[in-house]
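Worksheet for the structure shown next.
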Amino acid sequence: MQLFGRKMPLRAQIGLAIVIINLLAAIFVPVIAPYPEAEVVGRAWAGSSAEHWFGLDNLGRDILSRLLYGARLSIGLSLLITTLSFSMGVFGGFAAAVLGKAADMVLSRIVDLLLSMPALIFAMVVLSVLGTDLIVLIVTISVLDATRIFRVARALAMDIEALDYVEVARLRGEGLWWIVRREILPNAVPPLVAEFGLRFCFTFLFISALSFLGLGIQPPNADWGSMVKDYSALIMLGVPAVFYPAGAIAALTIGINMLVDWLLSINTVRR
Amino acid sequence: MLKLVLRRAALGVMTLWAASVLIFAGTQILPGDLAQAVLANNATPENVAAMRHELGLDRPAVERYVEWLGHAAQGDFGKSLVNQRDVAKELAPRLYNTLFLAVYAALIAVPLALVLGVLAAAFQGRAFDHIANAATLLAISLPEYFLGYLLIKWVALYLGWFPVLANVAPETGFFGRLYLSFLPMLSLVLVIIAHMMRMTRASVLAVMASPYIEMAFLKGLPKWRVVVEHALPNALAPIINVVALNLAYLIVGVVVIEVVFVYPGLGQSMVDAVSKRDVPVVQACGLIFAAAFITLNMVADILALVSNPRLRHPR
């Protein structure tokens, strides 16, 4: 199997398969989910059976269906946030790299300030004031994430800007916007794709951690993190339900990591 | 040299001050009135006005910030909005618990990561290296709480070696604490060890490719001496950095792990306070965590300066 004109090793193929399965599940939930997300279909904590593969949860809802809807929420939210933070981070990072010393100074200091605290602590401070609203969650995490992407994008753009072909374009009289769009951006895409995968993982784990702490997605909606929280109390009684959502989180993260490892390795070969 | 270290320390103090501004701004100046939030259903205009006055929200933000910082510097974090108790007194034993857990985890994780990383580098491409590589990838990918529950399931419930809940009390003795907090400690170690070990392996391997290492081999030194005496000292700077980074990461890990094991630490207080919107407690916890994070980063940079002469003379 080939991608980007290179042969994929087995590990990358497994990673890609995991990612595709998860995406398909997230897109086609209403078709494949056997029961509605919030419908009570039987006794609480009923074990797995032919009708309910993973059993029922604390209110008697089908765990498999909730997992599938959780996939949609977890993955959709992480994609949205990663896209937002990438737009901000790449734009800011490129601006800092090409607009000269003063702009770089201002943007970098702002980012340093936001990076002076662990993201989780900062997010918790914001959530304590603004409440655990979905919009607040999305904006807070996007901004915090954008700071990390800013650093990567800035470093990349600075490296590329120092190369001869950018100098040639400049001497030819091309404008700044043209140079960013036609020279810097295309050459920054492969490493940025790998970074996108890593950032997606980070966001995904971050949201699930917040939900696990009860500060992320609020009921009646559920993502995988809040499912872990809901099902965790039962582990003492030997109900294994907590391992389905936690395992789903782990599987997706491992899959993305395997794919990204390969993407990073072909990037370094190319240089 | 001393000048560089002092400059870095001053930068650390500046950063801490900036973080305090950020925490204060995050909880006070942002939209969403605190008085309204605290009163929730009882938020009649008169109640809100009274509450605003009581919380000092009717005074300028800068004035309140200076007052808050001044008190915080003297260890006075005000009173909890939920139960009116003194925040500093409530948090002091919890801070001790959290520090105990974090230091416990760090003392086990750091030496173990260094030894395993150097071994993986020494046995590059052999079975040990492959197993370590796969295991660390797994540990990096799993969320902290999943590791915690796996340990609860297998070590606490199945084997029955350790208690499920790490409910240490103030009167618990030192060894009792070590025993009760063993599983939380182990989860934290698993969370941070993987990254440190991979980095150690990578930086030792990077140094191993340089000509002076080949020279050491060619003059007939045994492999362990080349790795430990020639490669390790030069690989130390990036390793110190990643160790400090992971110790700073302990701060985040500790919040989640404390909730998993119901360990009475600072992280759990903060999570509780956030869901109850108990702002003084959140501010106090946030400030303590930020201070720990900034201090660790500062120490890392200073240690890197000391261990790598090249950084002392920037081009």
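Chain identifiers are assigned alphabetically (A, B, ...) following the order of the sequence lines, protein sequences preceding nucleic acid strands; residue numbering begins at 1 within each chain.
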Next item on the list: Show your reasoning for whether side-chain contact (heavy atoms from CB on, under 4.5 Å) applies to B/Leu22 and A/Phe122.
Entry: CA-CA 9 Å; B/Leu22 217 56; A/Phe122 193 75; 3.3 Å; yes

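Of the residues considered (A/Ser208, A/Ala209, A/Cys201), A/Ser208 shows the highest number of contacts with chain B, using heavy-atom pairs under 4.5 Å.
Rounded to the nearest 0.5 Å, atoms CE (A/Met117) and CG (B/Leu287) are 8.5 Å apart. Atom CD1 of residue A/Ile249 and atom OH of residue B/Tyr145 lie 3.5 Å apart, to the nearest 0.5 angstrom.
Put simply, the side chain of B/Met270 reaches to within 4.5 Å of the side chain of A/Ile121, judged on heavy atoms. Using a 4.5 Å cut-off on side-chain heavy atoms (C-beta onward), B/Phe289 and A/Val125 make no contact.
Looking at every heavy atom in both residues, A/Leu215 comes nearest to B/Val274 through CD2-CG1, 3.7 Å. B/Val282 approaches A/Met124 most closely through the heavy-atom pair CG1-O, 4.4 Å. Looking at every heavy atom in both residues, A/Gly247 comes nearest to B/Phe146 through N-CE1, 4.0 Å.
Of the two parts of A/Leu113, the backbone and the side chain both hold a non-hydrogen atom closer than 4.5 Å to a non-hydrogen atom of chain B. At a 4.5 Å heavy-atom cutoff, B/Leu16 makes no contact with chain A through either its backbone or its side chain. Residue A/Leu115 touches chain B through its backbone alone, counting heavy-atom pairs closer than 4.5 Å. Contact annotation for B/Tyr149: both backbone and side-chain heavy atoms come within less than 4.5 Å of a heavy atom of chain A. Neither the backbone nor the side chain of A/Arg109 comes within less than 4.5 Å of any heavy atom of chain B.
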